[in-house]
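What follows is a single structure, written as structure tokens, with notes after it.
Count residues from 1 along the sequence.
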Amino acid sequence: INCRNRRYGVDKVEDEAEITLLKEFDINCKAEQLWKKGLESVTAQIERNRNTLEQLDIDWSNKLESDEYDTMNAKLDNGNTNKQFYAGAAIPLPIMSTSESWAQYSHDNIVRAEHERMASEQLRTLIDNMFDDNARDMHQASEMTQMGLQNNISRLEDSKTKMKDNLQRTCKEIAAMEKALRDLKDA
């Protein structure tokens, strides 16, 4: 396209080849912009997945630690020596979680994780479809450009052949006229 744009005068033409080249360039630019947006979406989804995984890991870690404490406390009885009594330790504080709040927190984490998993699947499907559509569009544009260039080459070869024939005919006519002039001078 740049080579064609540098032409001037009668050599600067807008033909089928140039039109198809411009269309192919436009399709490639649009595909590039679409892939940039797709990459941004994928990056954002990966970040959301990481955040969700971190929340699930924290929840699992808390539950594991709590299970270890519960297991250790279940083994305690009145005869154990490693227990300590503190005044007011049995009074629930407002910041302490209850089994209901714990279950709700876990449920919310699971729902969020499932939502992000489904969003990831949908994004993967969208990216796959984008890839297929872009590949098809770019292939079609490439074929159209190839046909346009091939048609242009054929047209130029036909023109070249006609110009050669015309040149030979003109040269023969000039040679015939020169011969006629020499014959006239000799006569």
Tell me the closest heavy-atom pair linking [X] and [Y], and the distance in Å.
X	Y	result
Trp35	Asn134	NE1-ND2, 2.8 Å
Met130	Gly38	CE-CA, 4.3 Å
Ala113	Thr52	CA-CG2, 3.3 Å
Asn166	Arg169	OD1-NH2, 3.0 Å
Ala17	Leu149	CB-CD2, 3.6 Å
Thr20	Thr145	O-OG1, 3.2 Å

In one Ile/Leu/Val/Met/Phe/Trp/Tyr side-chain cluster, 4.5 Å: [X], [Y]:
X	Y	value
Ile127	Phe131	yes
Ile58	Ile110	no
Leu22	Met138	no

Just verifying a value: how many Å separate [X] [atom1] and [Y] [atom2], rounded to the nearest 0.5 Å?
X	Y	atom1	atom2	answer
Met72	Glu68	CE	CD	9.5 Å
Thr43	Glu40	OG1	CD	7.5 Å
Asn51	Leu56	CG	CG	11.0 Å
Lys160	Leu167	NZ	CG	12.0 Å
Asp57	Asn109	CG	CG	10.5 Å
Cys171	Glu173	SG	CD	9.5 Å

Ion pair Asp158/Lys162, N-O distance below 4.0 Å =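 No, no charged N to carboxylate O under 4.0 Å.
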
Pairing of Asp26 and Lys23 as salt bridge, 4.0 angstrom limit |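 No, this pair does not count.
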
Please lay out, stage by stage, how Glu16 and Asn152 fare under the test side chain to side chain contact (heavy atoms under 4.5 Å, CB included).
-> CA-CA 7 Å; Glu16 180 186 2; Asn152 196 32; over 6 Å; no

Can you check side chain to side chain donor-acceptor pair (under 3.5 Å) on Gln55 and Asp59, steps first, answer last?
-> CA-CA 6 Å; Gln55 288 300 315; Asp59 191 26; over 6 Å; no

Determine, stepwise, if the pair Arg50 / Ile46 fulfils side chain to side chain contact (heavy atoms under 4.5 Å, CB included).
-> CA-CA 6 Å; Arg50 285 183 181 152; Ile46 288 172; 3.7 Å; yes

Mind listing the side-chain donor-acceptor pairs of residues 116-126 below 3.5 Å, one per line with the distance, residues two or more places apart or on another chain?
unit_1 : atom_1 : unit_2 : atom_2 : d
Glu116 : OE1    : Gln45  : NE2    : 2.9
Glu116 : OE1    : Arg48  : NE     : 3.4
Arg117 : NE     : Glu114 : OE1    : 3.3
Arg117 : NE     : Glu114 : OE2    : 3.3
Arg117 : NH1    : Glu121 : OE2    : 2.3
Arg117 : NH2    : Glu114 : OE2    : 2.3
Ser120 : OG     : Gln45  : NE2    : 3.2
Ser120 : OG     : Asn49  : OD1    : 3.3
Ser120 : OG     : Asn49  : ND2    : 2.8
Ser120 : OG     : Glu116 : O      : 3.0
Arg124 : NE     : Asp128 : OD1    : 3.4
Thr125 : OG1    : Glu121 : O      : 3.0

Take Asp137 and Gln140, measure what side chain to side chain contact (heavy atoms under 4.5 Å, CB included) needs, and give me the verdict at the end.
-> CA-CA 5 Å; Asp137 292 346; Gln140 286 176 347; 4.2 Å; yes

Could you please spell out the steps behind the side chain to side chain contact (heavy atoms under 4.5 Å, CB included) verdict for Arg182 and Lys179?
-> CA-CA 5 Å; Arg182 274 193 306 256; Lys179 185 180 181 211; 3.9 Å; yes

Side-chain (Thr71) to main-chain (Asp67) donor-acceptor, under 3.5 angstrom =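 Side chain of Thr71 to backbone of Asp67, a donor-acceptor pair under 3.5 Å: yes, one is there.
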
